[in-house]
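Report on one structure; see the data block that follows.
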Amino acid sequence: MTVTLDIARQRTGTAATDTNAAAPRTWLIGKTRRQLQATLEDIGVPAAQTRMRANQLWHWLYNRGAASFAEMTNISKDLRARFAEVFDLSRLEIVTEQISTDGTRKWLLRLPPDELGRRHEVETVYIPEEDRGTLCISSQVGCTLTCTFCHTGTQTLVRNLTAGEIAGQVMVARDRLGEWPHLIGQAQNVPAGGRFITNIVLMGMGEPLYNFDNVRDAVEIISDGEGLSLSKRRITLSTSGLVPEIVRAGNEIGSMLAISLHGTTDEIRNRLVPLNRKYPIAELLQACRDYPGLSNAKRITFEYVMIKGVNDSIEDARRLVKLLKGIPAKVNLIPFNPWPGTDYECSDWDHIEKFAQVVLKAGYASPVRTPRGRDILAACGQLKSASERMKKTERDALSARRATPESAAAPVSGA
Ligand code: SAH
Ligand code: SF4
């Protein structure tokens with residue numbers, strides 16, 4: 001395992017912390033096109049120009065990954081100087097970067113200060129495979145829900161992330177992977193298709209549908225074809241089953257949907273996903289049936305964590321396929337990832353395969369998600385802000401290893 005902290009490669013300092021005494025600079029990351037225009041109006045850019053200027057900023061910010069106004073050569077020097085006075089382009093601060101033996105990378109990112117000046121942290125994970133690279137991003141610090149098998153669920157909700165903090169995770173990952181258009185030619189070991197990040201999953205910390213507006217804005221930014229340019233077909237939002245927001249998410253966010261099902265009876269699911277007591281399985285599946293735009297080409301992914309002796313019997317598998325009847329669906333079986341303090345165990349491998357066979361025979365794709373990055377607690381459900389998990393002594397040890405020769409600046413080695 002490689003653990004590094006390589007501040008030298010961060011393109012700027014701390015996000016939104018450089019304030020001038022008179023007025024804090026406005027952090028631009030996370031602004032939609034409409035919001036950028038409004039912000040420009042606020043600083044006195046003439047109305048006839050705001051659209052054009054917003055387009056320019058958009059391009060530099062989200063397409064080129066510019067981290068300074070000096071790079072924005074098609075904007076006049078005077079205007080750039082004005083922008084630099086009032087706007088902040090800096091990135092989320094990387095506290096640590098860990099690289100798993102399987103190439104998975106996990107970043108602990110420090111957020112800009114909240115209104116009380118507290119600086120919280122979230123985790124973001126990059127999973128390289130031969131034909132794709134998936135970035136798993138967080139939507140909240142902690143989670144209000146308390147799924148009993150999930151490490152994040154043991155960290156109570158601290159706060160929602162802003163749209164900038166959600167989209168900003170993608171920007172940091174692009175920086176670290178060297179995946180901006182002008183850099184990609186120099187990168188090594190780029191997965192097939194010429195991109196490092198081909199897919200985004202909202203499967204990090206938090207319940208995205210409890211942070212609806214910010215997730216919606218972040219997805220709008222990430223999927224814009226003239227910006228970060230990851231199509232909504234390649235962005236998957238995972239929810240534990242917040243029924244009233246599911247159809248709305250289809251209409252207003254429009255990403256792919258994943259449902260954390262995990263149980264085939266209300267009794268089992270109540271135990272694993274306590275939100276089920278409020279929105280039981282039948283209601284959840286009805287919301288799935290109503291999800292707009294479903295077809296065989298646009299299916300819902302049902303995530304099912306395999307926990308030994310709890311939800312992994314062949315009976316469960318049979319009940320599962322009955323429940324899914326009529327829904328364009330695929331099933332993602334996730335071997336339970338252990339974390340410190342849990343009593344659950346992962347189902348045996350041959351058992352998972354038998355379960356998968358039943359689902360497959362019923363006509364549903366049922367890939368088993370290979371656990372990735374377990375050695376650095378980067379696998380599904382293992383995330384938790386290190387601010388809570390790590391002791392100070394451990395953090396100091398990490399910092400001391402900054403100068404490790406296996407620098408994070410090394411090219412990604414692939415899966
Ligand atoms: N809150 C959202 C998204 C984040 S969790 C949700 O619950 O869907 C992402 C996925 O990881 C969910 O399917 C979740 O159930 C699963 N997960 C949580 N803890 C896990 C663990 N210990 N092992 C395997 N998967 C886990
Ligand atoms: Fe929250 Fe999802 Fe973990 Fe449940 S599984 S506690 S909803 S992050």
Side-chain angles (χ1 to χ4, degrees), residues 104 122-125 127 134-161 166 169 199-212 215 218-219 235-243 245-246 249 253 255-263 268-279 284 287-288 300-308 310-312 330-347 352 367-374 377-385 388-389:
T104 299
V122 288
E123 294 186 319
T124 303
V125 177
I127 307 142
T134 304
L135 189 72
C136 177
I137 60 178
S138 295
S139 56
Q140 298 182 309
V141 184
C143 188
T144 42
L145 302 174
T146 50
C147 303
T148 49
F149 54 90
C150 174
H151 200 197
T152 310
T154 65
Q155 179 181 7
T156 48
L157 180 77
V158 182
R159 70 168 170 87
N160 282 334
L161 299 193
I166 299 170
Q169 295 170 60
N199 295 68
I200 304 265
V201 292
L202 280 142
M203 293 185 187
M205 294 163 62
E207 166 51 55
L209 294 185
Y210 272 133
N211 187 13
F212 195 99
V215 165
V219 169
I235 302 175
T236 302
L237 182 155
S238 173
T239 176
S240 54
L242 196 57
V243 166
E245 304 289 20
I246 288 178
I253 300 176
S255 63
M256 304 298 281
L257 179 68
I259 299 285
S260 293
L261 190 62
H262 309 317
I268 300 174
R269 194 163 189 270
N270 283 347
R271 243 195 300 154
L272 295 174
V273 184
L275 187 66
N276 193 70
R277 297 197 192 112
K278 200 161 179 194
Y279 305 115
L284 175 58
C288 291
I300 295 179
T301 301
F302 286 88
E303 297 162 278
Y304 197 92
V305 61
M306 297 295 294
I307 308 178
K308 194 182 217 164
V310 174
N311 63 354
D312 63 347
K330 54 189 169 194
V331 175
N332 209 327
L333 298 176
I334 316 175
F336 170 69
N337 291 309
W339 38 270
T342 181
D343 291 333
Y344 292 128
E345 283 174 62
C346 182
S347 310
I352 296 179
V368 179
R369 195 183 288 173
T370 316
R372 297 289 304 266
R374 270 184 177 177
L377 285 183
C380 296
Q382 293 185 312
L383 304 188
K384 181 162 172 170
S385 297
E388 190 170 310
R389 197 181 58 236

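Every heavy atom of this structure was used, including side-chain atoms; hydrogens, water molecules and symmetry mates were not. These figures come from a predicted structure and were not determined experimentally. Both counts, for ligands and for their atoms, begin at 1 and track the order of listing.
Contacts between Thr239 and ligand 1, counted as non-hydrogen atom pairs separated by less than 4.0 Å, involve the backbone only. When non-hydrogen atoms are compared, ligand 1 lies under 4.0 Å from the backbone of Glu207 as well as from its side chain. At a heavy-atom cutoff of 4.0 Å, ligand 2 is contacted by the side chain of Cys143 but not by its backbone. Under 4.0 angstrom from ligand 1, the non-hydrogen atoms of His262 all belong to its side chain.
Side-chain contact between Phe212 and Leu242 is absent, with no heavy-atom pair separated by less than 4.5 Å. Annotation: side chain of Val310 is not in contact with side chain of Phe149 (no heavy-atom distance under 4.5 Å). Counting heavy atoms from C-beta outward, Ile307 and Asp312 have side chains that stay 4.5 Å or more apart. Looking at heavy atoms from C-beta onward, His151 lies in side-chain contact with Pro340 at the 4.5 angstrom threshold.
Of all atoms in ligand 1, listed by their number and element, those nearer than 4.0 Å to a heavy atom of Cys150 are 18 (C), 19 (N). The distance from ligand 1 to the heavy atoms of Val305 drops below 4.0 Å at these ligand atoms: 23 (N), 24 (C), 25 (N). Within ligand 1, the atoms closer than 4.0 Å to a non-hydrogen atom of Trp339 are 22 (N), numbered from 1 in the order shown. Within ligand 2, counting atoms from 1 as listed, the ones closer than 4.0 Å to a heavy atom of Leu145 are 6 (S), 7 (S). The contact set between ligand 2 and Ser240, taken as ligand atoms under 4.0 Å from a residue heavy atom, comprises 7 (S). Using a 4.0 Å cut-off to heavy atoms of Gly206, the atoms of ligand 1 that qualify are 1 (N), 2 (C), 3 (C), 4 (C). Those atoms of ligand 1 with a heavy atom of Asn337 less than 4.0 angstrom away are 21 (C), 22 (N), 23 (N), 24 (C).
The shell of residues lying under 4.0 angstrom from ligand 1, judged by heavy atoms, excludes Tyr344. Note on ligand 1: Gly204 sits in its first shell, one or more heavy atoms being nearer than 4.0 Å. Distances from ligand 1 to the non-hydrogen atoms of Cys147 include no value under 4.0 Å.
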Q: Start with the C-alpha gap between Met256 and Thr301, add the side-chain angles, then the distance that decides, and say whether side-chain contact (heavy atoms from CB on, under 4.5 Å) holds.
A: CA-CA 8 Å; Met256 304 298 281; Thr301 301; over 6 Å; no

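With hydrogens and angles left out, the side-chain atoms of Glu207 and Thr239 include a donor and acceptor closer than 3.5 Å.
Considering only non-hydrogen atoms, atom 2 (Fe) of ligand 2 lies nearest to Gly206 out of Ser138, Gly206, Ser238, Gly204. Nearest-heavy-atom check against atom 3 (C) of ligand 1 across Cys136, Ser240, Ser238 picks out Ser238. Of the candidates Met203, Met205, Met306, Gln140, the one placing a heavy atom closest to atom 5 (S) of ligand 1 is Met203.
The shortest N or O to N or O distance between His151 and ligand 1 is not under 3.5 Å. Inclusion of Arg369 in the set of residues having an N or O under 3.5 Å from an N or O of ligand 1 is not warranted. Taking any N or O of Pro208, backbone or side chain, none lies under 3.5 Å from an N or O belonging to ligand 1. Looking at ligand 1, you won't find any N or O of Ile334 less than 3.5 Å from one of its N or O atoms.
Taking all atoms of both residues into account, the shortest heavy-atom contact from Val273 to Ser260 is CG2-O, 4.5 Å. Among all heavy-atom pairs drawn from Arg269 and Tyr279, the shortest one is NH1-O, 4.1 Å. Across all their heavy atoms, Ser240 and Leu275 have their closest contact at OG-CD2, 3.6 Å.
For atom 1 (Fe) of ligand 2, the N/O/S atoms of Cys150 include none lying under 2.8 Å.
Of the residues Val331, Ile246, Leu261, Leu257, the one that meets the side-chain contact (heavy atoms from CB on, under 4.5 Å) test with Ile300 is Leu257.
Distance CD1/Ile253 to CG/Leu209: 6.0 Å, rounded to 0.5 Å.
Aromatic ring pairs are classed by plane angle as parallel below 30°, tilted from 30° to 60° and perpendicular above 60°; the pair Phe336 and Tyr344 is perpendicular.
Of the possible polar contacts, none joining the Asn211 side chain to the Asn160 backbone as a donor-acceptor pair under 3.5 Å is found.
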